[in-house]
Amino acid sequence: MIILSVCWAESIEYARFDHFSTKDGLSSNLVFSLTKDSTGFLWIGTDFGLDRFDGKHFKHYRKKEYPSLHRND
């Protein structure tokens, strides 16, 4: 039983948290939403628009360039 317990304990994966800011390429430090799609991209909704993160680089979709991103309340 001890050997099985040790093997099981070694297989546990822990969540990794990274912190990003405008210094790292994020378009804004004010984030409203966050989701990960089925292909692994991280999508971040900010006050400037939408950012897509591939694990290394951010791609920005700005509200002024993509009017459909603008929220009309």
Side-chain angles (χ1 to χ4, degrees):
M1 289 303 231
I2 294 173
I3 293 172
L4 292 176
S5 297
V6 171
C7 292
W8 178 78
E10 289 178 5
S11 68
I12 296 174
E13 292 185 30
Y14 295 96
R16 185 177 118 196
F17 292 93
D18 292 324
H19 299 267
F20 297 102
S21 71
T22 54
K23 293 178 184 177
D24 302 301
L26 191 62
S27 65
S28 172
N29 290 326
L30 184 56
V31 173
F32 296 112
S33 59
L34 181 70
T35 192
K36 185 177 179 183
D37 69 19
S38 62
T39 60
F41 287 113
L42 189 62
W43 294 88
I44 307 156
T46 74
D47 59 335
F48 290 145
L50 188 62
D51 292 354
R52 185 187 76 189
F53 185 61
D54 64 8
K56 293 186 179 186
H57 304 100
F58 287 95
K59 179 169 175 62
H60 307 289
Y61 299 90
R62 308 267 182 184
K63 289 180 187 177
K64 62 183 176 182
E65 298 163 1
Y66 299 91
S68 61
L69 292 177
H70 196 326
R71 189 174 167 185
N72 294 320
D73 289 335

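Both backbone and side-chain heavy atoms feed into the values below; hydrogens, waters and symmetry mates do not. Nothing fancy with the numbering, it's 1 onward along the sequence.
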Co-membership, hydrophobic cluster, residues V31 and W43, 4.5 Å side-chain: no
Counterpart residues, side-chain hydrogen bond (donor to acceptor under 3.5 Å, both in side chains), relative to S38 (two or more places apart): none
Contacts of type side-chain hydrogen bond (donor to acceptor under 3.5 Å, both in side chains), residue S27, not counting sequence neighbours: T46, D51
By side chain to side chain contact (heavy atoms under 4.5 Å, CB included) - contacts of T39 (at least two apart): D37, F41
Approximate separation, where rounding is to 0.5 Å, of L26 CG and I44 CD1: 5.0 Å
For S33, side chain to side chain contact (heavy atoms under 4.5 Å, CB included) partners two or more places apart: none
By ring-ring contact (aromatic ring centres under 6.0 Å, His included) - contacts of F53 (at least two apart): F20, F58
Counterpart residues, side-chain hydrogen bond (donor to acceptor under 3.5 Å, both in side chains), relative to D47 (two or more places apart): S28
Rounded distance [0.5 Å steps], NE2 in H60 versus CZ in F48: 10.5 Å
For D18, salt bridge (charged side-chain N to carboxylate O under 4.0 Å, His left out) partners two or more places apart: R16
Partner residues of T22 under the side-chain hydrogen bond (donor to acceptor under 3.5 Å, both in side chains) criterion, sequence neighbours left out: none
Separation between CG of N29 and NZ of K23, rounded to the nearest 0.5 Å: 9.0 Å
